[in-house]
> 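Take this structure, written in structure tokens, and hold onto it; I'll ask about it next.
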Amino acid sequence: QVQLVESGGGLVQAGGSLRLSCAASGRTSSSYAMGWFRQAPGKEREFVARITRSGTGIYADSVKGRFTISRDNAKNTVYLQMNSLKPEDTAVYYCAARAYSASSYPSDYNYWGRGTQVTVSS
């Protein structure tokens with residue numbers, strides 16, 4: 001069992017930056033692949049970035065070059081550095097974990113945090 005808690009969301013102007021954190025507790029998070037997803041009002045949850053157990057990151061085309069996912073296994077924490085934010089990045093951001101390989105599909109993840117709101121003003 002893994003518990004996930006996101007933090008770091010907030011209100012930022014377009015072009016600004018935020019860093020989201022996802023703190024994991026329970027079973028050692030280093031055994032899990034981790035992902036960040038987001039959901040805007042009226043839209044389905046969508047993939048943002050994922051990171052393998054060894055630290056390789058994969059990104060959605062919409063955030064490539066602007067967002068960076070990383071993990072600190074010693075702290076059981078995964079980060080999402082978000083730069084050059086745009087109004088269309090506004091959403092609730094969720095952290096997720098799954099055993100074995102990383103995935104871009106929400107249905108593949110076993111554990112989810114409650115989310116943190118990111119609002120980007122124009």
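This chain uses plain numbering: 1 for the first residue, then up along the sequence.
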> Restricting to non-hydrogen atoms, name the atom on A24 and the atom on L4 that form the minimum distance, rounded to 0.1 Å.
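Closest pair (atom of A24, atom of L4, distance): CB-CD2, 3.7 Å.
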> Mind checking whether L20 and F47 sit in one hydrophobic cluster, side chains of I, L, V, M, F, W, Y counted as touching below 4.5 Å?
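No, no single cluster joins them.
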> Can you tell me how far CG of L80 sits from SG of C22, rounded to the nearest 0.5 angstrom?
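Between atom SG of C22 and atom CG of L80 there are 10.5 Å.
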> I need the Q81 CD to R66 CZ distance, nearest 0.5 Å.
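Between atom CD of Q81 and atom CZ of R66 there are 12.0 Å.
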> Is any side-chain heavy atom of V12 closer than 4.5 Å to one of M82?
no
> Less than 4.5 Å apart, any side-chain heavy atom of R38 and any of V118?
no
> For T52 and A102, work out which heavy atoms get closest and say how close.
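That would be CG2-CB, 4.3 Å.
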> Relative to each other, are the rings of F37 and Y109 parallel, tilted or perpendicular (30° and 60° limits)?
perpendicular
> How about Y93 and E6: do any of their side-chain heavy atoms sit closer than 4.5 Å?
no
> Would you say I69 and Y32 are hydrophobically clustered, going by side-chain heavy atoms of ILVMFWY under 4.5 Å?
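Result: yes, single cluster for both.
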> Output the distance between atom CD (Q117) and atom OG1 (T90), rounded to the nearest 0.5 Å.
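So the CD of Q117 and the OG1 of T90 are separated by 7.5 Å.
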> Would you check if W36 and C95 make a side-chain contact, meaning some heavy-atom pair closer than 4.5 Å?
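Of all side-chain heavy-atom pairs linking C95 with W36, at least one is under 4.5 Å.
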> To check you understand the geometry: which heavy-atom pair defines the closest contact between V92 and G115, and what is its length?
CG1-CA, 3.8 Å
> Distance check, rounded to the nearest 0.5 Å: S25 atom OG versus Q1 atom CD?
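Here the rounded value is 9.5 Å.
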> If you round to the nearest 0.5 Å, how far is OG1 of T68 from CG of N83?
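OG1 of T68 is found 6.5 Å from CG of N83.
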> Which atom pair, heavy atoms only, marks the closest approach of N110 to A99?
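Smallest interatomic distance, heavy atoms only, reads OD1-N, 3.9 Å.
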> Please report the closest heavy-atom contact between F67 and Y59, naming both atoms and the distance.
O-CE2, 3.2 Å
> Taking only Lys NZ, Arg NE, NH1 and NH2, and the carboxylate oxygens of Asp or Glu, determine whether K64 and D61 approach each other closer than 4.0 Å.
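Salt bridge: yes.
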> Write down the atom of S17, the atom of S84, and the distance for their closest heavy-atom approach.
OG-N, 4.3 Å
> Report yes or no: do S103 and R50 form a side-chain donor-acceptor pair below 3.5 Å?
no
> Quick one: do V2 and Y94 end up in the same hydrophobic cluster if we chain Ile, Leu, Val, Met, Phe, Trp and Tyr together by side-chain heavy atoms under 4.5 Å apart?
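No; Y94 is not reachable from V2 via cluster members.
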> So, taking the atom named NZ in K86 and the one named OG in S122, what distance separates them when rounded to the nearest 0.5 Å?
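Between K86 NZ and S122 OG, I get 14.0 Å after rounding to 0.5 Å.
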> Only one of V5, T116, T77 clears side-chain contact (heavy atoms from CB on, under 4.5 Å) with S21; which?
T77
